[in-house]
**Student:** 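Dumping the structure here so I can ask a few things about it.
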Number of protein chains: 2
Amino acid sequence: MAKTTTSNHAAAARQRGVTMNDVAKHAGVSRTAVSFVLSNRENASISEETRARINEAVQVLGYRPNAGARALASQRSDWYGIVTEIVTAPFAVDIIKGAQDQAWLDRRFLLIAPSDQADAVGPNQGMEDAAIEKLLEQRVEGLLYAATYHRGVHVPESANEVPTVLINCFDADGRLPSIVPDERAGGRVAVERLLQAGHRRIGVINLDPDIPAAVGRLAGAREALADAGLELDPELVVPGHATADGGYEAACEILDRYTEKDRPTALFCLNDRMAMGAYDAIKERGLTIPGDIAVIGFDNQELIAAYLRPKLTTVALPFEKMGALGVQTLAALTAGQPIIADQQLVGCPLLERSSV
Amino acid sequence: MAKTTTSNHAAAARQRGVTMNDVAKHAGVSRTAVSFVLSNRENASISEETRARINEAVQVLGYRPNAGARALASQRSDWYGIVTEIVTAPFAVDIIKGAQDQAWLDRRFLLIAPSDQADAVGPNQGMEDAAIEKLLEQRVEGLLYAATYHRGVHVPESANEVPTVLINCFDADGRLPSIVPDERAGGRVAVERLLQAGHRRIGVINLDPDIPAAVGRLAGAREALADAGLELDPELVVPGHATADGGYEAACEILDRYTEKDRPTALFCLNDRMAMGAYDAIKERGLTIPGDIAVIGFDNQELIAAYLRPKLTTVALPFEKMGALGVQTLAALTAGQPIIADQQLVGCPLLERSSV
DNA sequence: CCAAGTAGGTAACGCGCGTTACTAGCGCAT
DNA sequence: ATGCGCTAGTAACGCGCGTTACCTACTTGG
């Protein structure tokens, strides 16, 4: 009964917003005392008894601090902002999640701004500027700028007003710290896995050869082969369009080009979408995975890799980890610590499934 | 040159935060005048000349309003909050995007709170409460509560303190307005499409028969058949686990059970993941899609539907639209307008691709 | 020449809170 | 009695802004 009354009281009071003043009155103390207790001030001398009275009043009235007012008075918001090109892109989301989780652990709030409105008119740049502007209006203490695929970017100038960290991309103008996947190590681990399974003739379905992902992954593949005393046969590297259809066509070409003896026994597809297409090409020819041809992908696009049959062994891009690291780096920067490194590389773990 | 100076000036000033006072001084007017100009007040009488001077000062100094202070003074935040179980779930993200875009159009900001931290300890409920609490501390004016799959939910009590709208779920206690997909109409359109293509014997790979998705889609399928003077053969409805493997097994069962003559010529898979498995079963038996067997899915899980070969014809769940509608409904509620309806149904459009 | 507008502003309060400076009371040594 | 140091607080300012009430010219009609 008493409990019901209390909770009703709380609900009613909240309607109009219970303030510290209300709490102070209820506890019979000054608002300052309440503030001291709530912010757990070290050198404040408040007796245990009044402290208890205040805490009780907070409970009874259902007091909830006003984050905006607190930010205004204390001149710090505890907010970070993240702006990313395509909020619904499968990868952007994982970055956001990693950052969000980490921010939550640090008792901070992550404001997420879209930079690609559905009905945006004109160049994307304008949208991005507006998003950053909006975040700065909220007085975020730091900014995260994330790309959906690893590449160089030009960050709007307004980002320079607060500490900024780039995720999954790097500053083409070379001033801002960034966090990117270690593509090279990822390519290496993929091919090492194939070598370990006994494959010596490995086909590679390549991406656009100019992007960092292709450059890094291919370099890693070469390293792994070199370690085993092998070389990458240029003929076995076929270009592919970064889709399932592209992978299908590339796989067809490589499979039909050789006799059964010369045919590669494994395919390293530089992304999972292409691997998905390669599966079709392989199955179409009556070959089995991994019996006749082993396949390894890259990206770990869950919806594909985990549902293909057999499930696809692939190398994961560490999006969540990059997001978390981004927040940590930002925390360090806003705390005035020096930058750890211009560019932090994050490892790409191999995910063993059933296609090798 | 002059421009450089200006922008430097602006950058330097922003460091310490340019306030309205600074603008007022620069323009030689009172802060009130600045406020009037910036908020475009109707009945304020400011001459065109001083208005121009103020606007110029804003430009020169690089003034940016402080959203927190504004919220504090005006007693309205222009913020909505959204809390959803699994931020990275493929569907949740689309809801967020729809809501985000709409909020942006309405010049509002959407705060996104996760209710499923990676390292959450104990029951999920605690996390959700904390997330809502955090949003209320930011003084959001309304709350969106989204689920990743259509179902009944219990919303934490604290959500009652501000207008709340449910998306892709409904209040099991029946008090809050909700927005859900029209599963029945979706099921109907799927089967109508198959009928239109000449199929008369249609297999259905079902979901857990108790969830709203299964109930609605199946009911819609029955309606479509009834309109064509047909009945749904109970034997042709096989239960499936909601994964690719589940779809594979269900499809195997239905394909192997009949002779070529009695075999259904089309499969309605109640989700795309199962359709993905069904593809494998069909191809494995040397049958072609859609030549021998047409397949239609549900959900439009892009990464699957758009990359399967042939691309999967499916019925889309209108996540973005639901998100947008959620924000619109919230806007109406916070404006004091009466609720349009307890439950708003949103249509599920058919996406024609190549599997029918 | 005077009262009554009207255009063009400004002073001052309060939003909810953090923070600094100050005070009142008390025990204790001088 | 006086001074000192300590505990347990409180008064008051300011954060940046919206808003109301008010004030001062300058017309305009009578």
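Sequence lines set the chain letters: A, B, ... in the order given, protein chains first and strands last, and positions in each chain run from 1.
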**Student:** Tell me which of B:Pro65 and A:Arg51 sits closer to the 5' end of DNA chain D, going by the nucleotide each one is nearest to.
**Tutor:** A:Arg51
**Student:** D:dG18 C1' sits how many Å from B:Arg139 CZ, rounded?
**Tutor:** 18 Å
**Student:** Report which part of the nucleic acid A:Ser45 touches: base, sugar-phosphate, or nothing (heavy-atom distance under 4.0 Å, all strands).
**Tutor:** base
**Student:** Could you walk me through whether A:Glu137 and A:Lys134 satisfy the salt bridge (charged side-chain N to carboxylate O under 4.0 Å, His left out) test, starting with their C-alpha distance in whole Å, then the side-chain angles of each, then the deciding distance to 0.1 Å, before giving a yes or no?
**Tutor:** CA-CA 5 Å; A:Glu137 282 184 12; A:Lys134 190 96 176 176; 5.3 Å; no
**Student:** Among the candidates C:dC15, C:dT19, D:dC15, find the nucleotide nearest to the side-chain atoms of A:Arg41.
**Tutor:** C:dT19
**Student:** Counting side-chain heavy atoms from C-beta on, which of C:dG16, C:dT10, C:dT20 comes nearest to A:Asn66?
**Tutor:** C:dG16
**Student:** Assign B:Ser47 to base, sugar-phosphate, or nothing according to its heavy-atom contacts below 4.0 angstrom with the strands shown.
**Tutor:** sugar-phosphate
**Student:** Establish, with yes or no, whether the OP1 or OP2 oxygen of C:dG16 is under 4.0 angstrom from a side-chain nitrogen or oxygen of A:Thr19.
**Tutor:** no
**Student:** OP1 or OP2 of C:dG18 less than 4.0 angstrom from a side-chain nitrogen or oxygen of A:Ser74, does that happen here?
**Tutor:** no
**Student:** OP1 or OP2 of C:dC17 versus the side-chain N and O atoms of A:Arg70: is any pair under 4.0 Å?
**Tutor:** no
**Student:** What nucleotide, of C:dC17, D:dT20, C:dT19, holds the atom closest to the side chain of A:Thr32?
**Tutor:** C:dT19
**Student:** Can you tell me if A:Thr84 uses its side chain to pair, donor with acceptor, with the backbone of A:Ala92 under 3.5 Å?
**Tutor:** no
**Student:** Can you list the steps and then say if B:Glu161 with A:Arg64 is a salt bridge (charged side-chain N to carboxylate O under 4.0 Å, His left out)?
**Tutor:** CA-CA 12 Å; B:Glu161 297 179 31; A:Arg64 182 171 15 241; 2.4 Å; yes
**Student:** CG of A:Leu61 versus C1' of C:dG16: gap in Å, rounded?
**Tutor:** 15 Å
**Student:** Mapping A:Phe36 and B:Phe36 to their closest nucleotides on DNA chain C, which lands nearer the 5' end?
**Tutor:** B:Phe36
**Student:** Please determine, for the side chain of B:Arg31, which listed nucleotide (C:dG16, D:dA11, C:dA12) has the closest atom?
**Tutor:** C:dA12
**Student:** Atom CD of B:Glu49 and atom C1' of C:dA7: how far apart are they, to the nearest Å?
**Tutor:** 14 Å
**Student:** Which of these nucleotides, C:dC15, C:dG18, C:dT10, is closest to any side-chain atom of B:Gln75?
**Tutor:** C:dC15
**Student:** Got a salt bridge between B:Arg108 and B:Glu141, using NZ or NE/NH1/NH2 to carboxylate O under 4.0 Å?
**Tutor:** yes
**Student:** Just to confirm, is there a sub-4.0 Å distance from OP1 or OP2 of C:dG9 to any side-chain nitrogen or oxygen of B:Thr50?
**Tutor:** yes
**Student:** Kindly determine whether A:Tyr80 and A:Val140 satisfy side-chain contact (heavy atoms from CB on, under 4.5 Å), including the steps that lead there.
**Tutor:** CA-CA 5 Å; A:Tyr80 292 149; A:Val140 294; 5.6 Å; no
**Student:** Check whether any side-chain nitrogen or oxygen of A:Ser35 sits under 4.0 Å from OP1 or OP2 of C:dG18, and answer yes or no.
**Tutor:** yes
**Student:** Would you kindly give the CD-to-P distance between A:Glu42 and C:dT19, to the nearest whole Å?
**Tutor:** 13 Å
**Student:** Between atom CG in A:Asn21 and atom P in C:dC15, what is the gap in whole Å?
**Tutor:** 9 Å
**Student:** Are a donor atom and an acceptor atom from the side chains of A:Thr329 and A:Gln344 found within less than 3.5 Å of each other?
**Tutor:** yes
**Student:** Expressed as a whole number of angstroms, how long is the span from B:Asp78:CG to D:dG18:C1'?
**Tutor:** 13 Å
**Student:** Hey, which sits more toward the 5' end of DNA chain C by its nearest nucleotide, B:Leu72 or B:Arg53?
**Tutor:** B:Arg53
**Student:** Could you give the CD1-to-P distance, from A:Ile46 to D:dA8, as a whole number of Å?
**Tutor:** 9 Å
**Student:** Between atom CD in B:Glu137 and atom P in C:dG16, what is the gap in whole Å?
**Tutor:** 15 Å
